[in-house]
Amino acid sequence: MEEHGMAKKDAMATARGSKLVTALAAAFAILVASHGAAACTKGTTGNRTADGKAADKEAGGPMAELSVKRLGTVETGTVEANPTTEERIDPRPVVLWAGDQPAAVITYRAKLNMVLRYASQSFDRVEGHGGPFPITDHFQFLLDDKGPAGSGYSSDIYTADIDGDGVDELVLLREQGGVEVHGLKKTLFKHSISKHFRPTTVHRARAGGRDVLYVLFELDDDEGAKERTAVLRVDAGGITRLPLGDAVLRESDVLAIGAVNLPGSQALDELLVFSKRKDEVFLSRHRPDGRPIDTPRKVYVAFSDLGLIEFSFLPQSRRAVVFHHGSEECHFVQADKPVNWIRLVDLAGRRPKFLQVVDVATDPKVIFLAEKALYAVNQEGTYFTWNGSFVPSEKMEPFLRITPPGPEFGIPRVFAQDGGGEEILIVHSRKHQLRHPPFEEVLKAAERFLNPKFVARKKRRLEPTLDEPSLVRDGEIEEEQQKKGIEQRPKTVEEWKTTLPESYAVAVADARSSFTSDTIVDMQLALDRDGIRQAQHPDELKAWLTALDVPATTTFDLYRRGAKLGSFQAPGFLDHEAGVAFRARRTLTTVVASLRPTGESPGERAPIYLVRWNGDR
């Protein structure tokens, strides 16, 4: 009986909720049809916030300027989907930066035909023309373990200022042993190696005003191969394959490679390579051209080879930091020390997302996200809190807990700045929704906006009665009678209220729910009626009904370490698959992101927006 009663209560609650949602949707549909046409374009472009007003600086003072501009006509997401063909535009836009401004925004489009076994790929500029774009590729593929018959591009896309002109280039990897570098005006370099090599990781370093990339490839099938891995260096001079020595390339699997830029130097002084031979991991040191400096040294602490292993480039430092994205550990390395040259920090149980390293020149600290909080930890395993600066803590605790702007916002997303820097962008996104006003608010609005006689008639229905048959009400009464051992059914409302208060309370709640949903529709209809149903204070009523519609909104909170620099918003919803590219320089923060108009439908297309926030910080 109890289980049946709970199921019935759940069904009643669902019915009430559905009725209210339907009423809200109907009311909003009428509102949009008659009054919302002009509002649809408001806030999508221009130099103000989504509601047309300038954003206040969080701490007060001068007004901060915000502009939200839609880029081109491209909408990311699924372009075509049927039983034979799927075409999709990646919701992670790629930005080629020129300082703090995007010189170009690139989208990646892939199309797959399973019947014809045909694939096509394209990299297009969202705005502008010329240069090598669009970059396209077409190939046939096999549906067996032999892999593709053609060499397609990897969906992992990289950017870097290879030639040092201050503008990023697009770096594409071939799934079968190749690297290409494309500038805005022309293609700079192309280089191919054996088609049996697959790209795994890319390390980005910088020296002398130019970026240098180290691209690591592993052999897809190493049977009879002379070298198990390959490393390509991409710099202003072109693309070169590095000779890391037989002890690394022929006898081991390379796990990660990283560059060292020593204090006072304007060059990359050394390369560090982690490799695995059988069940042991080694670290080897190499000259910038790849030649070994000495024999590999065995790593004497735990070192997981699961998942992606990545060096974080630390300029002007003798130390290096290695992130293990497939496990819960990171390593601090100082390879020129004869002993105690590697330190393990175990983040067991935290499932970290590694973001950046700060305080490189003094006491490097790894910043990572875990459990909706940001943590900072150094090579000693000491955690830090924030009090205007990092303060050592005696326990593992975060320096920043992430709190959403409201309960309707989903899981926060956290992004480190493109091209380095200490800024972090915390993104909260809310889907479009219809606000469910409480009964008290709707009653007050009805008394304000509707004819008093009409409202009086509706209010009389709020008092439950025993007159008309009701399966739900009678079932509630019968259940409470059995629960309390009362055989006699109440004959009056007063008796019902006194002897069976629980079922009476349910009936009251049901009547209020019906009043709420029905009255919202009545108030909308009253805007277009005469006589007793005619609206009073119609302009106020329109504003009240409009406020029930809560648009999709994305909030960006900018932090440097634990200090909040400011907050700004853009219309639309950031999907969990979408990425955010941003640059924060001086007072200007520039964000490029794909934002879905409502976030309600998984198949909804997402335009690409350029968001600029100029705040005094």
Below 4.0 angstrom, N of the basic side chain to O of the carboxylate: do [X] and [Y] qualify?
| X | Y | answer |
| --- | --- | --- |
| Glu218 | Arg198 | no |
| Asp161 | Arg210 | no |
| Glu577 | Arg88 | yes |
| Lys111 | Glu86 | no |
| Asp137 | Arg174 | yes |

Apply side-chain hydrogen bond (donor to acceptor under 3.5 Å, both in side chains) to Glu397 and Tyr375, showing your working. CA-CA 7 Å; Glu397 60 180 323; Tyr375 293 80; over 6 Å; no
Exercise: do [X] and [Y] side chains pair donor with acceptor under 3.5 Å:
| X | Y | result |
| --- | --- | --- |
| Arg585 | Gln101 | no |
| His203 | Thr201 | no |
| Thr136 | Ser122 | no |
| Asp100 | Thr590 | no |
| Tyr214 | Arg233 | yes |

As a quick check of understanding, evaluate side-chain hydrogen bond (donor to acceptor under 3.5 Å, both in side chains) for Thr187 and His182, giving each step before the final call. CA-CA 4 Å; Thr187 296; His182 303 274; 2.8 Å; yes
Geometric cation-pi criterion [X] and [Y], 6.0 Å radius, 45° cone:
| X | Y | value |
| --- | --- | --- |
| Lys431 | Phe573 | yes |
| Arg92 | Tyr108 | no |
| Arg277 | Phe282 | yes |

Ring centroid separation [X] to [Y] under 6.0 Å:
| X | Y | result |
| --- | --- | --- |
| Phe384 | Phe399 | no |
| Phe303 | His324 | yes |
| Phe311 | Phe274 | yes |
| Trp341 | Tyr300 | yes |

What's the shortest heavy-atom distance between Leu71 and Val126, and which atoms?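 For Leu71 versus Val126, the nearest heavy atoms are O-CG1, 3.4 Å.
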Going by side chain to side chain donor-acceptor pair (under 3.5 Å), name the pairs with one or both residues in residues 352-372, residues two or more places apart or in two chains. Arg350-Glu371, Asp359-Lys365, Asp359-Arg561, Asp363-Asn378
If you count every heavy atom of other residues, nucleotides or ligands that lies below 6.0 Å from Arg351 atom CZ, does the total exceed 12?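 Open: at most 12 neighbouring heavy atoms sit under 6.0 Å from CZ of Arg351.
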Do Val414 and Ile402 have side-chain heavy atoms sitting under 4.5 Å apart? yes
